[in-house]
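In what follows, residues are counted from 1 in the order of the sequence shown. Atoms within a ligand are numbered from 1 in the order they appear, just like the ligands themselves.
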Amino acid sequence: VDVPLVPKQFHLGMFEIGRPLGKGKFGRVYLAKERSSNFICALKVLYKSELQHGGGVEKQVRREIEIQSNLRHPNILKLYGHFHDSKRIFLILEFAGKGELYKHLRRESRFPEWKAAQYIAQMASALQYLHRKHVIHRDIKPENILMGIHGEIKISDFGWSVHAPNNRRATLCGTLDYLPPEMIRSGSKDNWYNEKVDLWSLGVLTYEFLVGEAPFEDTPIMTQKRIARADMTIPEWVSKEAKDIIKRLLVLDPDKRLPLEEVLQHPWIIKHCVKGERAANREKALSK
Ligand SMILES: Cc1nn(C)cc1-c1nc2c(-c3cnn(Cc4ccccc4)c3)c(Cl)cnc2[nH]1
């Protein structure tokens with residue numbers, strides 16, 4: 001496996017900084033090239049001053065570095081290294097050639113079933129890898145998914161991930177759409193650190209890929225109420241297999257959600273993702 005960017009100690013002078021690629025709540029990302037190897041990467045710059053006032057965001061960044069550095073999976077954005085100067089923290093990240101998935105989703109308004117199924121299969125494979133390492137992402141949503149040059153998707157932004165179990169006080173910000181009922185309901189937070197929260201979010205993601213909007217999208221108050229009751233309607237034009245997998249993931253009881261192994265074996269995934277299946281479909285179409 002090519003392991004670029006080997007040196008342990010990095011510093012800013014090693015990189016030629018290119019165009020800005022985007023900005024998040026904390027920090028910006030630039031295209032960058034490591035001078036000696038010409039290796040292209042994405043350099044995420046976070047200002048320490050901003051992190052200090054971010055209410056424990058500094059710990060989140062430390063966690064992001066600790067967790068993401070040890071992950072190696074084709075559908076997880078690689079973190080090659082990090083360094084800092086007096087004012088900033090720098091994360092050396094894999095460059096995803098086709099950028100942020102949610103921009104593709106908004107541009108296409110929704111994905112055809114074969115494309116959605118392939119993305120969900122890649123997500124399930126990445127989540128299976130994470131859960132085997134007892135890492136829970138907890139913030140699966142289109143905004144945290146990037147796309148590689150060959151159209152493969154890459155989970156990024158491990159700021160919210162945790163090593164289960166964990167007694168972290170979590171303050172939530174951003175969209176409620178993807179929160180599972182156990183994180184909406186007050187009361188025991190044990191379930192917050194159960195891998196099954198990612199299964200719920202995978203169901204929300206499947207729905208949003210196919211329909212173009214999240215299943216519980218509403219006013220903040222109504223969204224919380226609808227999530228707590230798993231109150232959603234799936235448009236009738238969605239195929240019955242796709243409806244089935246969504247219904248088996250968006251289940252209130254975390255223990256009754258479809259396990260990742262069964263997601264990867266679900267008829268909707270097999271139909272669109274197994275090579276033989278596609279060739280067979282093509283054969284069938286041609287023979288008509
Ligand atoms: C944009 C864009 N267009 N194309 C053709 C490729 C890209 C691209 N973007 C990235 C990006 C990238 C950029 N912005 N963001 C969002 C962000 C920024 C700062 C903090 C948190 C989150 C990620 C990355 Cl990390 C890694 N690789 C990237 N590639």
| message | Taking side chain to side chain donor-acceptor pair (under 3.5 Å) as the definition, give me every residue that meets it alongside Tyr178, ordered by chain and number, with sequence neighbours left out. | response | Glu208
| query | Can you list the residues that meet the side chain to side chain donor-acceptor pair (under 3.5 Å) rule with Ser36, with sequence neighbours excluded? | reply | Glu34
| Option passing side-chain hydrogen bond (donor to acceptor under 3.5 Å, both in side chains) with Asp198 (candidates His131, Arg138, His137) | His131
Under 3.5 Å, N/O to N/O: give me all the pairs between ligand 1 and the protein, one per line with atom names and distance.
{"residue": "ligand 1", "atom": "27 (N)", "partner": "Ala96", "partner atom": "N", "Å": "2.9"}
{"residue": "ligand 1", "atom": "29 (N)", "partner": "Ala96", "partner atom": "O", "Å": "2.7"}

| query | Within a radius of less than 6.0 Å around NE2 of His266, do more than 12 heavy atoms belonging to other residues, nucleotides or ligands occur? | reply | yes
| query | Is the Phe111 to Tyr119 ring centre distance short of 6.0 Å? | reply | yes
| Restricting to pairs with a member in residues 228-237, which pass side chain to side chain donor-acceptor pair (under 3.5 Å), not counting sequence neighbours? | none
